[in-house]
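To start, the structure itself, in structure tokens.
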Amino acid sequence: MQPLIDNARTFGQRPEEFAKLAEGQSPQVLFITCSDSRVVPALITGARPGQLFELRTAGNIVPPYASQHPTSEACTIEYAVEVLGVSDIVVCGHSHCGAVGALVRGDDLTAVPAVRDWLTHATPRPEGAVADPAVSEGVQAHVLTQLLRLRSYPYIEKKLKDRQLSLHAWFYEVHTGAVLTHDPATDTFKAL
């Protein structure tokens with residue numbers, strides 16, 4: 001913890017770098033990814049403050065759209081699209097994902113009921129090689145499912161139809177730093 005505290009103490013000593021941030025934000029991208037500490041969107045993309053609007057959830061899950069009882073995730077997505085006017089949404093899964101790995105393996109999650117219940121939003125259950133510690137196949141399939149889920153949000157469906165929004169599926173390899181993107185023409189993930 002001490003290195004984090006030391007950095008926080010010196011962080012605010014460069015006010016000239018941050019003054020413009022007080023004027024507002026206008027990110028072009030909503031970046032949806034896992035809460036995993038090894039996945040750092042600004043590090044992966046090189047984004048500066050104000051360039052990415054981030055949504056981090058266990059397993060980068062996009063819950064089903066529900067107008068009656070919206071989730072905080074749905075509120076974040078709606079704000080990014082309708083208020084901030086992002087033009088792109090990236091759903092970025094990652095190798096060695098604990099959440100997706102638990103689903104692929106069918107782990108017993110009774111000891112963590114909140115996690116177990118949250119992961120029910122990951123339907124259908126991603127498939128992949130159970131013996132693969134990177135769970136690459138399962139995570140990639142899961143990311144594509146989340147893109148489909150996004151398409152079910154009415155305001156996203158409209159923006160896609162009007163060509164005002166693009167969706168992207170990414171896969172980040174924590175063990176190499178490589179980022180792959182889904183190519184719809186070949187239905188495979190390829191280097192960015």
For [X] versus [Y], what's the shortest heavy-atom pair and its separation?
| X | Y | result |
| --- | --- | --- |
| S136 | F171 | OG-CZ, 3.6 Å |
| P113 | T110 | CD-O, 3.7 Å |
| V62 | R149 | O-NH1, 2.6 Å |
| A80 | F53 | CB-CD2, 3.6 Å |
| G138 | V104 | CA-CG2, 4.1 Å |
| R56 | D36 | NH2-O, 2.8 Å |

State the [atom1]-[atom2] distance between [X] and [Y], to the nearest 0.5 angstrom.
| X | Y | atom1 | atom2 | result |
| --- | --- | --- | --- | --- |
| S26 | Q51 | OG | CD | 9.5 Å |
| L165 | I89 | CG | CD1 | 4.5 Å |
| H182 | Q140 | NE2 | CD | 8.5 Å |
| R116 | L103 | CZ | CG | 12.5 Å |
| H121 | I61 | NE2 | CD1 | 7.5 Å |
| L147 | H142 | CG | NE2 | 10.5 Å |

Check for me, please, whether [X] and [Y] land in the same ILVMFWY cluster - side-chain distances under 4.5 Å, paths through other members count.
| X | Y | result |
| --- | --- | --- |
| V81 | Y153 | yes |
| V179 | V174 | yes |
| L55 | L52 | no |
| L150 | V29 | no |
| Y79 | V90 | no |

Give a yes or no answer on whether the side chain of [X] reaches the backbone of [Y] with a donor-acceptor pair at less than 3.5 Å.
| X | Y | value |
| --- | --- | --- |
| T181 | L192 | no |
| T145 | A141 | yes |
| Y155 | E78 | yes |
| R151 | L160 | no |

Next on the checklist: With a 6.0 Å cut-off on the ring centroids, do F189 and W170 count as close?
Outcome noted: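 So the answer is no for these two rings.
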Checklist entry - Is it the case that more than 12 heavy atoms not belonging to Q2 sit under 6.0 Å from its CD atom? => result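 Yes - once you tally the heavy atoms of other residues, nucleotides and ligands closer than 6.0 Å, there are more than 12.
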Checklist entry - With a cut-off of 6.0 Å (strictly less than), are more than 12 heavy atoms of other residues, nucleotides or ligands near CD of E173? => result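 For E173, atom CD is crowded (more than 12 foreign heavy atoms under 6.0 Å).
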Checklist entry - Checking salt bridge (Lys or Arg N to Asp or Glu O under 4.0 Å) for the pair R9/D6: CA distance, chi angles, key distance, verdict? => result CA-CA 5 Å; R9 284 184 178 137; D6 293 342; 3.6 Å; yes
Checklist entry - Between N60 and H94, is a side-chain hydrogen bond (donor to acceptor under 3.5 Å, both in side chains) present by the stated rule, with each step listed? => result CA-CA 9 Å; N60 52 270; H94 67 95; 5.6 Å; no
Next on the checklist: side-chain contact (heavy atoms from CB on, under 4.5 Å) for E73 and C75? Distances and angles first, verdict last.
Outcome noted: CA-CA 5 Å; E73 295 79 15; C75 293; over 6 Å; no
